[in-house]
Protein chains: 2
Amino acid sequence: MERKRWYEDACGAAHALDIVGERWALLVIRELMFGPRRFGELRANLPGISANILTQRLEGLEREGVVVRRKLPPPASVQVYELTPWGYEAEPIFQTLGRWATRSPTHDPTLPISNASLLLSFRTMIDAAKARGLGATIALRLGNEDYVARLADGAIAIARGEAEAADLRIAATAAALGAAIYGGAAFETLEAQGVLALEGDRALARRFATLFPLPEKADAPPPPA
Amino acid sequence: MERKRWYEDACGAAHALDIVGERWALLVIRELMFGPRRFGELRANLPGISANILTQRLEGLEREGVVVRRKLPPPASVQVYELTPWGYEAEPIFQTLGRWATRSPTHDPTLPISNASLLLSFRTMIDAAKARGLGATIALRLGNEDYVARLADGAIAIARGEAEAADLRIAATAAALGAAIYGGAAFETLEAQGVLALEGDRALARRFATLFPLPEKADAPPPPA
DNA sequence: CTGTATCCGTGTTGATACTG
DNA sequence: CAGTATCAACACGGATACAG
């Protein structure tokens, strides 16, 4: 029942790969970054993973101290998986990986995207200079999940939950909101298509859409001789 | 001849894993972070990799634009692998992975370590506050390779090559220098063991050894019920 | 509904041997 | 020294069956 293949290497990065280097492991953590999740939710947001692999990854991450498995108190009594405090500290890994990979010549932003991915990308890509001086609360409804984003001090904080008072409310699919923020799609177009709805301060929405510039693509190397 | 298993996911981190998520890929990049390397050098510093896997990874990384293969001009005429400019930009990935993993309850710093790993760890772990105001040039001979480390403005720059003038010269194995910096081993002990030699400013050596504090370990989670 | 266990076809990995 | 060829062991993904 032990892992057979580690890297026998004291390098910190190599040890990180011993923990999260197996296929799907890092994406499981990504889906847990905004709070506990049930098995079925994880599966739904990780297209292509099979149930047995998800079970194995959760077991491995639990053994390594990244994930804990909790049983909610009755009457819910469902089991959920949650990151440990150290597990939550993995967020910078997604930010550096994401920032680097968006400069890849082969990155395709039109593929499906999960709520967690999109929200993590906001925290990765926010331009502190452009967001400075902007304070606002934005309620996001992505699919059937509610999140609250608070802009302050050039940074963005995001948590699950419903906002009592918000300057702006956006209801959309993750793909539609991603198209607005990263694809340059106009909110009006997306509203006309019925994939996005705004309520509240529409000028704030337009400014919000400018806060997350994508880095330039790296040059493609010369083709191999 | 294409990859069959990607993640169909627009998430930047997922795309990064499409590029560098295969076993060994990231460690190959690590070994290239300080300049071009030959096939055999890579193999020697990646204990456990087999030749065919190294070939496949280099091919894949070349396809993705991370690595280029160059033929040195005669009379050397040997082939070397080198990171592209974008490939060199992967360094923050090692830093975040390394910083996170050193807090793992299961990290074992006594395993073998390559020159590249140790030097990357210096750039990851340097404490800017402790290094501020310190300017120095240190020549490092690790095994049979020469590097120059320059401390300035609280940061450390490291490059391959021999230093004409240096305040301090350290000759050691990577393991021995790691023991001095991270394991608290005294330089005198290591010199007596014949695994390390100092020349020049010994007070600088002692101060150098304090510049790279390891983060605290994360709490081990409760054992599963 | 939430997982877990098992089987199976396929692709990936790794050790050894081998060729230029 | 730099890689290729072969083959055995393993990991993955899909399907299905099963337990609480």
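These numbers were taken from a predicted model, which means no experiment stands behind them. To find a chain, count down the sequence lines: A is the first, B the second, and so on, and within it residues start at 1.
Side chain to side chain, A:Glu31 and A:Ser114 meet the donor-acceptor criterion of an N or O pair below 3.5 Å. A donor-acceptor contact under 3.5 angstrom links the side chains of A:Glu64 and B:Thr106, judged on distance only.
A:Leu27 has its CG atom 11 Å from the P atom of D:dG13, to the nearest Å. Rounding to whole angstrom units, CD1 of residue A:Ile49 and P of D:dG14 are separated by 10 Å. As rounded to whole Å, 18 Å separates atom P of C:dT13 from atom CH2 of A:Trp6. In this structure, A:Leu54 places its CG atom 13 Å from P of C:dA5, rounding to the nearest Å. In this structure, A:Lys71 atom NZ and C:dC1 atom P are separated by 17 Å, rounded to whole Å. Atoms CD1 (A:Ile53) and C1' (C:dC7) sit 14 Å apart, rounded to a whole Å. For the pair A:Glu22 CD and D:dA11 P, the interatomic distance rounds to 8 Å; values are reported in whole Å. The distance from atom CZ of A:Arg37 to atom P of C:dG3 is 13 Å, rounded to the nearest whole Å.
Other residues, nucleotides and ligands place no more than 12 heavy atoms under 6.0 Å from the CD atom of B:Glu199.
The two atoms that bring A:Ile156 and A:Phe122 nearest to each other are CG2-O, 4.0 Å, heavy atoms only.
Classified by interplanar angle (parallel below 30°, tilted 30° to 60°, perpendicular above 60°), the ring pair B:Tyr7/A:Trp24 is perpendicular. A tilted orientation is assigned to the rings of A:Tyr81 and A:Phe39, their planes being inclined by 30° to 60°.
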Report each atom pair, protein N/O against N/O of nucleotides 1-4 of chain D, whose distance is under 3.5 angstrom.
residue	atom	partner	partner atom	Å
D:dC1	O3'	B:Arg38	NH2	3.0
D:dA2	OP1	B:Arg38	NE	2.6
D:dA2	OP1	B:Arg38	NH2	2.7
D:dA2	OP2	B:Gly40	N	3.0
D:dG3	OP1	B:Gln79	NE2	2.4
D:dG3	OP1	B:Tyr81	OH	3.4
D:dG3	OP2	B:Tyr81	OH	3.0

For nucleotides 18-20 of chain D, tabulate all protein N/O to nucleotide N/O atom pairs closer than 3.5 Å, reporting atom names and distance.
none

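An end-to-end axis angle of 30° holds for the helix from C:dC1-D:dG20 to C:dG20-D:dC1, taken from five base pairs per end and rounded to 10°.
Residues satisfying the side-chain contact (heavy atoms from CB on, under 4.5 Å) criterion with A:Arg160, sequence neighbours excluded, are A:Phe34, A:Arg37, A:Glu41, A:Glu145, A:Tyr147.
Between A:Trp24 and the phosphate of D:dG13, there is a side-chain N or O to OP1/OP2 separation shorter than 4.0 Å. A:Arg23 has no side-chain polar atom (N or O) that falls below the 4.0 Å cut-off from OP1 or OP2 of C:dT12.
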List the atom pairs, with distances to 0.1 Å, where a side-chain N or O of residues 170-177 of chain A and a protein N or O form a donor-acceptor pair under 3.5 Å, not counting sequence neighbours.
residue	atom	partner	partner atom	Å
A:Thr173	OG1	A:Ala176	N	3.0

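Counting only residues at least two apart or on different chains, the salt bridge (Lys or Arg N to Asp or Glu O under 4.0 Å) pairs with a member in residues 93-119 of chain A are A:Arg103-B:Glu89.
Between A:Arg43 and A:Ile49, the closest side-chain pair of non-hydrogen atoms falls below 4.5 Å.
Going from atom CD of A:Glu59 over to atom CD of A:Glu62 covers 8.0 Å, rounded to the nearest 0.5 Å.
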